[in-house]
Amino acid sequence: MIIILKKGAPKTEVDELCRGIEAQNIIINEVRGEHTTILGLIGDTHKIDMEAIQAQEIVESVQRVQEPYKGVNRKFHPEDTVISVGNTKIGDGNVAVIAGPCSIETEEQIVDTCMKVKEAGANLLRGGAFKPRTSPYSFQGLGGEGLKLFLKAKKATGLPIVTELMSLAHLDLFADVDVIQVGARNMQNFEMLKELGKCNKPILLKRGLSSTIEELLMSAEYIFAGGNTNVILCERGIRTFETQTRNTLDISAVPVIKSLSHLPVVIDPSHATGKYELVEPMSMAAVAAGADGLIIEVHNNPQKALCDGAQSLTPKHFSACVKKCSSIASVMGKTVGTQQ
Ligand code: PEP
Ligand code: MN
C-alpha cells in the first residue's frame with residue numbers, strides 16, 4: 001500500500017499517522033520527492049483501514065500495491081534511482097560503461113586491458129576472479145590471487161571495480177571491491193541476497209538464465225529488505241529455443257523494468273550473444289532502448305582468453321563500439337562512458 005501525502009503536510013501530523021501504522025507491525029518507507037511525499041507500507045496491510053487513512057486531512061490518496069515487490073517498485077519511488085560509484089553516476093542521462101575481461105588471468109593481461117578500456121571511455125572495470133563455469137574441468141578463475149591482481153588494475157587506472165561473488169565465504173576478500181556482482185546463476189541464492197542486503201556496497205544483480213522480470217525484481221527486493229538500496233539490475237540474455245546466439249537478449253526488459261521499477265538497468269551484450277560481432281549492434285540497441293549502462297567483455301588478446309574469448313572485443317573494437325553508442329546516446333541527450 002502507498003499513501004501519497006498532500007504538499008506541505010505538517011511533520012507532526014505525518015509522524016502521528018506513521019506511528020499509528022507502525023503500531024500495526026508495518027514498516028514504512030518514506031520517500032520525499034520534489035512535489036510529493038510517499039509513504040510505502042511493507043507488511044501485512046490487509047487490516048489497515050484505507051478509508052480512515054484517506055479521510056485524513058494530510059492524505060492526498062491511498063493505493064493498494066498488487067505487485068509482490070514493494071521497495072523496488074516504481075510506485076514506492078516514482079523518480080529514477082541513480083547509483084553513484086566513485087565519480088560515476090549510473091543513470092540520470094549517464095550510460096555507464098563497465099568493461100574488462102571475462103576473467104583475470106595475469107597481471108599483464110588485466111592491467112593492460114583495463115588501461116586500454118579506460119582510454120576508450122570505460123567508467124568502471126570488470127573482471128572475474130571467482131568464475132561460475134559449467135564444467136568443473138574448465139578454468140575456475142584465480143580466486144583471491146585474481147582479486148589482488150584486479151586491485152593493481154584499479155590502482156593503475158583509478159577506476160572502480162566490479163567482480164562476482166560466488167560464495168559468502170569469500171565476502172571478506174571483497175573489502176576493496178566497489179561493486180559486487182551477483183551472477184545469473186546466483187540470482188536466486190536467497191541467503192546470499194539477504195547477506196548482501198546488510199552490506200553498503202552497490203550490487204550488480206544479473207537476471208537468471210530462465211528467470212522472469214518479476215523474479216529478478218523479487219531478488220532485488222531481498223537486497224532492499226536487508227536495507228541495501230544500491231541495486232543495479234542487469235539483463236544478460238535468457239534461455240530460449242534459439243541456438244544462433246548463446247542466449248537471447250531481452251531488449252524489451254529495459255523499458256519493461258523501467259516501467260515497473262526505479263532501479264537502473266544495465267545490459268550485458270557479451271553473455272547475451274556469445275559472439276563478439278554482435279556486441280556492438282546490441283550495445284547500440286541497448287542505449288536506444290534506454291539502458292543506464294553496458295557491461296562489456298574486452299580482452300587484450302581474445303584468441304588467447306582462458307574464458308569467453310569468442311564474445312570478447314579487442315580494445316580497438318571496444319573503442320569503436322563506445323563511439324557508436326555515444327552517437328545514439330547524443331540523440332537522446334545522454335552520454336556514454338567518459339565520452340562527451
Ligand atoms: C560474468 O559476467 O562474468 C558472468 C559469468 O555472467 P553471467 O552471470 O551473466 O553468466
Ligand atoms: Mn564471461
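Note that ligands are numbered from 1 as they come in the structure, with each ligand's atoms numbered from 1 the same way.
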Stepwise side-chain contact (heavy atoms from CB on, under 4.5 Å) test for V279 and F318: CA-CA 9 Å; V279 170; F318 171 69; over 6 Å; no
N/O/S atom of C307 inside 2.8 Å of the Mn ion (ligand 2), strictly under: no
Atom name, E297 (N, O or S, nearest to the Mn ion (ligand 2)): OE2
Residue and atom name of the nearest protein heavy atom (relative to atom 9 (O) of ligand 1), distance in Å to one decimal: R236 NE, 2.6 Å
NZ/NE/NH1/NH2 to OD/OE distance under 4.0 Å, E16 and R19: no
Atom nearest to the Mn ion (ligand 2) - D308, N, O or S atoms considered: OD2
N or O pair under 3.5 Å between E164 and ligand 1: no
Spacing of I223 atom CD1 and L193 atom CG [to the nearest 0.5 Å]: 5.0 Å
Salt-bridge present (K116, E119; N to O < 4.0 Å): no
Any K131 heavy atom less than 4.0 Å from ligand 1: yes
Exam field: side chain N228 to backbone N230, donor-acceptor pair closer than 3.5 Å: yes
Side chain, backbone, both or neither: P132 near ligand 1, heavy atoms under 4.0 Å: side chain
Which residue and heavy atom of the protein sit nearest atom 8 (O) of ligand 1, plus the separation: A184 N, 2.8 Å
Single hit among L260, L263, D80 for side chain to side chain contact (heavy atoms under 4.5 Å, CB included) with R74: D80
For R126, the ligand 1 atoms whose distance to one of its heavy atoms is below 4.0 Å: 1 (C), 2 (O), 3 (O)
Aromatic ring pairing H170/F130, orientation class (parallel under 30°, perpendicular over 60°, tilted between): parallel
Atom 6 (O) of ligand 1: nearest protein contact (heavy atom, Å): K206 NZ, 2.9 Å
Test item: S211 side-chain N/O and R207 main-chain N/O as donor-acceptor pair under 3.5 Å: no
H271 atom (N/O/S) at minimal separation from the Mn ion (ligand 2): NE2
